Amino acid sequence: MPSFSAPSPSVLDLAPVVPVVVVEDLADAVPLARALVAGGLPAIEVTLRTPVALDAIRAIADSVPDAVVGVGTLTSPAQVSDALAAGARFLVSPGWTDVLLQSMQASGVPFLPGVSTCSEVVALLERGVREMKFFPAEAAGGTAYLKSLSGPLPQARFCPTGGISPANAPKYLALPNVGCVGGSWMLPADAITAHDWDRVEALAREASALT
């Protein structure tokens, strides 16, 4: 398993967009991941929102070698252990506690703990964490809030997620403290239902070209 510690690329630097994936049908996991990778989005966050999520991560890790599959919506150390056992290569949480953070730090893989306030960012910086998920991005203040953080806390870097779309993604990506954004617009429900992986690939390619 490749390392993403310096000088290797950060998860934030693999692509401008990290697809946030909710897998309802396990059979969709591999073709969906292949379409995203073919479109230029190798980092894929599979959220723990369905019963098949861990099996989906395992299937992608086993069958799509060019995918950097991670797990999202982590809220407990047990979930961290389960995700690692399934083959997750990075971890994402919507928020954090000291217990959860310690588990993520001990995992040996990159992780993005979620923040939505300046105090949370400072607390993570105190603990040596510089890369974070900003969630829920639009509801928590959007680009204006992140721009305000860049002055006093330039060492913090973010992956904003929550309310990100093709329309506002470039505004986030233009900020100096944003490495990438997370979103699901390249995975429309009707395309997934129809197994229209060509459409998913095309939307992923458009997303991968965002700057």
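Starting from 1, each residue takes its place in the sequence as its number. The model shown is predicted, which means the values in this text are computed figures rather than measured ones.
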Notebook entry, point to check: If two hydrophobic side chains count as joined below 4.5 Å and joins carry through other members, does L210 share a cluster with L146?
Noted result: yes
Notebook entry, point to check: Taking S184 for the side chain and V21 for the main chain, is one N or O donor matched with an acceptor at less than 3.5 Å?
Noted result: no
Note to self: If I take atom CG from residue L173 and atom CG from residue L175, how far apart are they, to the nearest 0.5 angstrom?
What the structure shows: 8.5 Å
Checklist line | Sequence neighbours excluded, every pair satisfying ring-ring contact (aromatic ring centres under 6.0 Å, His included) that has a member inside residues 188-211 | finding: H195-W197
Which pairs of donor and acceptor atoms, one on a side chain in residues 33-46, lie under 3.5 Å apart (sequence neighbours left out)?
none

Notebook entry, point to check: In Å, rounded to the nearest 0.5 Å, how long is the span from CG of L32 to CD of E201?
Noted result: 12.0 Å
Check: How about L203 and P188: do any of their side-chain heavy atoms sit closer than 4.5 Å?
Finding: yes
Check: What pairs with P166 under side chain to side chain contact (heavy atoms under 4.5 Å, CB included), at least two apart in sequence or on another chain?
Finding: W185
List, one per line, each side-chain donor-acceptor pair under 3.5 Å for residues 53-73, sequence neighbours excluded.
from, atom 1, to, atom 2, distance (Å)
D55, OD1, R58, NH1, 2.9
S63, OG, A59, O, 3.3

Checklist line | Atom of M186, atom of V17 and distance for their closest heavy-atom approach | finding: CE-CG1, 3.7 Å
Check: Do the non-hydrogen side-chain atoms of L149 and F158 ever get within less than 4.5 Å of each other?
Finding: yes
Next item on the list: Look up atom CG in L12 and atom CG in L112, then write down how far apart they are to the nearest 0.5 Å.
Entry: 5.5 Å
Item checked: Selection residues 132-154 - residue pairs positive for side chain to side chain donor-acceptor pair (under 3.5 Å), sequence neighbours left out -> E138-Y172
Check: Please, which pairs that meet salt bridge (Lys or Arg N to Asp or Glu O under 4.0 Å) have at least one residue in residues 180-190, sequence neighbours excluded?
Finding: D190-R199
Next item on the list: Measure across I164 and P160 and return the closest heavy-atom pair with its distance rounded to 0.1 Å.
Entry: CG1-O, 3.8 Å
Next item on the list: With rounding to the nearest 0.5 Å, note down the distance linking CD in E24 to OG1 in T193.
Entry: 9.5 Å
Check: What is the minimum heavy-atom distance between T97 and L100, and which atoms define it?
Finding: OG1-N, 3.1 Å
Item checked: Shortest non-hydrogen contact from C180 toward V18 -> SG-CG2, 3.9 Å
Next item on the list: Please name all residues satisfying side chain to side chain contact (heavy atoms under 4.5 Å, CB included) with P94, sequence neighbours left out, ordered by chain then number.
Entry: T75, F135
Check: Do L84 and V109 come close enough that some side-chain heavy atom pair is under 4.5 Å?
Finding: yes
Checklist line | Any side-chain heavy-atom pair of S10 and R157 under 4.5 Å | finding: yes
Next item on the list: With sequence neighbours left out, write down each residue that passes salt bridge (charged side-chain N to carboxylate O under 4.0 Å, His left out) with R49, or none if nothing qualifies.
Entry: none
Next item on the list: Report the distance from atom CD of E131 to atom CZ of F90, rounding to the nearest 0.5 Å.
Entry: 12.0 Å
Checklist line | V92 with V20, same ILVMFWY side-chain cluster at under 4.5 Å | finding: no
Notebook entry, point to check: Of all residues at least two apart in sequence or in a different chain, which pass the salt bridge (charged side-chain N to carboxylate O under 4.0 Å, His left out) check with R130?
Noted result: none
Next item on the list: For S93 and M104, run side-chain contact (heavy atoms from CB on, under 4.5 Å): C-alpha distance rounded to whole Å, both residues' side-chain angles, the deciding distance at 0.1 Å, then the answer.
Entry: CA-CA 9 Å; S93 65; M104 295 172 79; 4.0 Å; yes
Next item on the list: Kindly write out the residues that satisfy side chain to side chain contact (heavy atoms under 4.5 Å, CB included) with A85, not counting sequence neighbours, or none if the list is empty.
Entry: none
Item checked: Shortest non-hydrogen contact from A140 toward F134 -> CB-CZ, 3.7 Å
Item checked: Spacing of CG belonging to L74 relative to OG belonging to S107, to within rounding of 0.5 Å -> 9.5 Å
Margin query: To check you understand the geometry: which heavy-atom pair defines the closest contact between C118 and L153, and what is its length?
Written below: SG-CD1, 3.8 Å
Note to self: Whether the side chain of E120 engages the backbone of T117 through a donor-acceptor N/O pair (distance < 3.5 Å, no angle test) should be reported.
What the structure shows: yes
Next item on the list: Could you pull out all residues at least two apart from V129 that satisfy side chain to side chain contact (heavy atoms under 4.5 Å, CB included)?
Entry: L101, Q105, F111, P113, L124
Item checked: Pairs flagged by salt bridge (Lys or Arg N to Asp or Glu O under 4.0 Å) wherever residues 162-173 is involved - sequence neighbours left out -> none
